[in-house]
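Single-structure report; data block below.
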Amino acid sequence: MVTYEMKPGRNFMIRLPKGGDILNVIEEFCTQEDIRSAALWGIGALDKAVIGFYDGKSGEYLPITVDGPLELASCIGNVSMKDWKSHVHLHAVLSDREGRCYGGHLMPGSVIFAGEFYVRSLTGSPPERQPDAETGLSLWSKGEKS
Ligand code: ZN
């Protein structure tokens with residue numbers, strides 16, 4: 001297990017801009033505010049979503065494109081460091097007009113219709129992502145290289 005003890009930092013409520021790519025928008029906000037670690041919670045709606053299912057055998061995210069309109073019924077995630085930059089990791093549950101849900105790892109190409117996010121930044125030495133040989137994922141590590 002890899003653990004980091006963090007302290008509460010600044011708190012933000014942010015309204016996301018219509019038409020933006022959700023991952024880019026939050027990553028740019030974090031870079032601008034020098035947020036290196038945070039917890040994220042959001043709701044809203046998307047015009048289009050790209051979610052991924054991680055295939056542990058191939059070591060790849062299999063993308064699923066869901067055309068909107070969609071409710072962003074629930075979105076949670078975190079910010080940590082990857083390649084010396086703030087990196088946003090989000091998972092989303094999306095619902096369509098019948099209330100059917102899709103869920104997965106949010107990928108580039110997910111377009112905001114509207115979004116309200118709570119960003120709780122954390123202070124202390126931020127978690128850093130490194131390639132993990134066992135899973136093929138980029139996971140939090142403490143300097144150990146696989
Ligand atoms: Zn994920």
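Counting starts at 1 for both ligands and their atoms, following the listed order. All residue numbers in this chain count up from 1 along the given sequence.
- Salt-bridge check for Glu33 with Arg10: passed, with a basic side-chain N closer than 4.0 Å to an acidic carboxylate O.
- Both tests pass for Lys142 against the ring of Tyr4: distance under 6.0 Å to the centre and angle within 45° of the axis.
- The tally of protein N/O/S atoms under 2.8 Å from the Zn ion (ligand 1) stands at 3.
- For the 3.5 Å distance criterion, the side chains of Arg100 and Tyr102 fail to qualify, holding no donor opposite an acceptor.
- Side chains of Ser141 and Arg129: no donor on one and acceptor on the other come within 3.5 Å.
- Clustering of Ile, Leu, Val, Met, Phe, Trp and Tyr by side-chain heavy atoms under 4.5 Å joins Tyr54 with Val50, Tyr61, Met107, Leu137, Leu139.
- Annotation for Phe53: atom CZ does not count as buried by contact number, only 12 or fewer foreign heavy atoms lying within 6.0 Å.
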